[in-house]
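All chains are named by letter (A, B, ...) in the order of the sequence lines, taking the proteins before the strands, and each is independently numbered beginning at 1.
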Amino acid sequence: MSFADLGLSDELLRAVEDSGYTEPTPVQRQAIPSVLMNKDLIAIAQTGTGKTASFVLPMIDILSHGRARARMPRSLILEPTRELAAQVAENFEKYGKNSKLSMALLIGGVGFGDQDKALEKGVDVLIATPGRLMDQFGRGKILLSGVDILVIDEADRMLDMGFVPDIEAICSKLPPRRQTLLFSATMPPPIKKLADRFLTEPRHIEVARPAAANALITQRLVESTVRGKRDTLRALLREGVKNAIIFANRKTTVRDLAASLKRHGFAVGQIHGDMEQAERLRELDRFKADEINVLVASDVAARGLDIKGVSHVFNFDVPWHPDDYVHRIGRTGRAGATGTAITLYTAEDAEAIDQIEKLTKTNIDRTPLSGQAPAAPSGPSDEADDQPRSQPRRGRSRSAAKPAGDAPAKPRVQTAGAAPAKPRAQTAPEPVRAEQAPPLPVDANPEWNGPVPAFLQVRLHG
DNA sequence: AAAAAAG
C-alpha cells in the first residue's frame, strides 16, 4: 500500500515523495480516503502515529479547488498549544508547496498586525489556538460562516485545558453543513458528547498508542532524594548524553533547574508557558540547531513536539498523570531512532510509578539509591545554592537574576557560533542517527529541525 | 496538585 493508492492528487504525491515518505501509516491509510469523500471522522490516535498528515494531505486536495474570500476562512484547525499549531502550519507549508493554498496561523503571544492582514486577504487554511481565535472573532476580524472543514485536534487535551466551552462556541458559529474531523488520544465522556453534538454520522477509526509500546525507547528509573536530585541528574547527564529534554512538573522548577545546570556549565535552555512566545520558539530553535544540548521543559513541550534526534528524555519529577509520562518519553525514540528515558524518583513517588508501569504494561528497570555510586559533587560549592526550594518561589523571583555571589564558576556568556561548553561523556556517546532509520512516519516532522520557514517568521517573530 | 491558553 502506497500513498498513490489513497486517492491523492499527483501534485500532492510529489510533495509527499519529496519529503521522503513512501508508505502511509495505519491512521493515514484509514483516514485519508474517508476524508477525501467528505465524511466526518473520529480518530483515536495521538501524535507519533502520522495523525497530522492524515488530515493535512486530504485537506490540501479538497481545498485546492476554489478560493478564499476576505475574512472567510475555508477550513479551520484547532490546536491546544501554540507550538502544535505552528507545527501543523509547517505541514501545510511542506505538503502544500505545489498547491498555492493561503493560510494563517492564529495564536496568542504574537502581534495582531500580520494576522489581521492575512485574514483580511482571505485564507484557505486557518490554524488556531482557541483563545486567539475567539479574540479575533470578537474583534469582528473573522467570519466563520465559510468554513467547510473543521479539525479538532488533540481533543482530550483541549478538554484538560478547559477549552471545551470555547470549542462549543466556535462550532455554533460554523455552518451546520460542513465536514468535521476529531482527533483524540482518548475518548472521555465530555469528548464523546462533543462528538455526538457536532459530528454527523462520523466514521470511527482507532490506532494503537505508539509511545507506550515503543521498543526503541530504553526506560530507566533512578532513585534519588528530594535534595539530591540535581546531583543525580548531573551525574546522569555526564554519562554519555548527546542531548536531552528534561521535564519538570512546575514552571518554577524549570527555571531553577535550568539556572542551576547553567551554573554547572551545561549548555542549557528552557521552555515553559510563562515565557514569551518568541522566546519559546527561540529556545526550541537553539536546541534543534545544537547550540544547546539540554532543554529543561514543562509539559508545554510534552505532547506532539517533533524534534529529530533527541537521545535522552529525563523526568526530573515523576509526572502527575501517567499519560504525561507516555507523552514526555515519546519526545525521544522518534522516526526509528533509539532513545533513552530516565525518570528520577523518590520514596514519595511509589504510587505514581505503579500507575505508569500499569499504563505502559512494562516493568521499568530500577536503580535504587543503595545501588548507586554516590554522585560526585562537580561544582566547587554545591550546597548553598543548589538545593531545590521546598516552596516554589513566586512573583518576582522569575525575573530576579541570581546575584553573582550565589553562582559558582558561572560560565561565560556564549555567543552564537562559539562552541558552547557542553559536558561530554567519559564513555563515547552512541550517536543516534535518524538518517539510517527506516522510512519516517509522516508525523515525525523533520522540518522542525530546519530553520523556521519564512511564513512562520513573519507571523511569529514579527 | 500542574500546566496550558486571551490579555
Side-chain angles (χ1 to χ4, degrees), chain A residues 46-47 76-88 105-113 115-116 119 126-142 152-170 184-185 226 245-258 270-281 283-284 295-305 315-328 331 343 346 348-353 355-356 388-394 398 459-460:
Chain A
Q46 54 187 37
T47 46
L76 172 63
I77 298 160
L78 295 174
E79 293 289 333
T81 68
R82 300 165 184 175
E83 276 78 7
L84 284 175
Q87 201 163 274
V88 170
L105 185 59
L106 223 56
I107 60 178
V110 297
F112 286 91
Q115 294 181 358
D116 287 354
L119 290 171
L126 184 59
I127 304 156
T129 46
R132 183 55 73 94
L133 180 70
M134 297 290 280
D135 197 350
Q136 289 282 33
F137 186 83
R139 295 167 71 229
K141 297 288 180 183
I142 321 173
I152 305 168
D153 198 13
E154 306 257 332
D156 50 349
R157 191 170 185 210
M158 301 257 212
L159 171 72
D160 289 346
M161 291 167 66
F163 283 152
V164 166
D166 283 349
I167 294 172
E168 287 173 345
I170 292 163
S184 196
V226 173
I245 301 179
I246 302 168
F247 285 102
N249 286 357
R250 293 178 174 82
K251 289 180 276 200
T252 49
T253 312
V254 171
R255 284 193 288 264
D256 295 345
L257 181 59
Q270 57 180 310
I271 181 166
H272 60 73
D274 275 356
M275 290 161 58
E276 289 197 5
Q277 188 58 23
E279 178 86 355
R280 277 156 63 165
L281 288 165
E283 293 287 88
L284 271 181
L295 185 65
V296 187
S298 72
D299 280 319
V300 68
R303 301 199 188 202
L305 281 194
N315 288 311
F316 186 73
D317 299 314
V318 178
W320 301 112
H321 200 277
D323 273 347
D324 291 328
Y325 175 84
V326 175
H327 288 293
R328 288 179 180 186
R331 296 320 96 205
T343 300
T346 66
E348 300 154 24
D349 298 319
E351 199 186 320
I353 287 169
Q355 286 187 32
I356 288 168
R389 275 81 184 166
S390 51
Q391 295 293 325
R393 292 180 301 153
R394 304 196 62 83
R398 175 184 167 200
R459 300 204 180 103
L460 296 178

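- Picking from B:dA2, B:dA4, B:dG7 the nucleotide with the shortest atom distance to the side chain of A:Asp135 gives B:dG7.
- At a threshold of 4.0 angstrom between heavy atoms, the contacts of A:Arg157 with the nucleic acid are absent.
- The side chain of A:Phe112 sits closest to B:dG7 out of B:dG7, B:dA3, B:dA2.
- Residue A:Asp166 is out of contact with every strand shown, counting any heavy-atom pair closer than 4.0 Å.
- Rounded to whole Å, the distance from CG on A:Asp274 to P on B:dA3 is 8 Å.
- Put simply, CG on A:Leu305 is 17 Å from P on B:dA3, counting in whole angstrom units.
- Rounded to a whole Å, the CD atom of A:Glu348 is 13 Å from the C1' atom of B:dA1.
- With sequence neighbours excluded, no residue satisfies salt bridge (charged side-chain N to carboxylate O under 4.0 Å, His left out) with A:Arg82.
- The A:Arg132 side chain lies nearest to B:dA6 when the options are B:dA3, B:dA5, B:dA6.
- Distance NE2 (A:His327) to P (B:dA2): 20 Å, rounded to an integer number of Å.
- Partners of A:Asp156 according to the salt bridge (charged side-chain N to carboxylate O under 4.0 Å, His left out) rule, which considers only residues two or more places apart in sequence or in another chain, do not exist here.
- As a whole-Å value, the separation of A:His272 NE2 from B:dA3 P is 10 Å.
- Closest approach to the A:Trp320 side chain among B:dA6, B:dA4, B:dA2 is made by B:dA2 (side chain taken as heavy atoms from C-beta onward).
- Both the sub-6.0 Å distance and the 45° axial angle are not jointly satisfied by A:Arg331 relative to the ring of A:Phe247.
- Proximity of a side-chain donor or acceptor of A:Ser298 to a complementary backbone N or O of A:Val300 within less than 3.5 Å is detected.
- Geometrically, A:Arg157 does not engage A:Phe163 in a cation-pi contact, judged by NZ or CZ lying under 6.0 Å from the ring centre and within 45° of the ring axis.
- To the nearest angstrom, P of B:dA2 lies 20 Å from CD1 of A:Ile271.
- Separating the CG atom of A:Asp156 from the P atom of B:dA4 is a distance of 17 Å, rounded to the nearest angstrom.
- Taking atom CD of residue A:Glu276 and atom C1' of nucleotide B:dA6, one finds them 15 Å apart after rounding to whole Å.
- Contact annotation: A:Ser298 side-chain N/O to B:dA2 OP1/OP2 distance is not under 4.0 Å.
- Within the structure, every side-chain polar atom (N or O) of A:Thr129 is placed at least 4.0 Å from both OP1 and OP2 of B:dA4.
- Note on A:Arg280: only backbone sugar-phosphate atoms sit closer than 4.0 angstrom, heavy atoms only; bases stay farther off.
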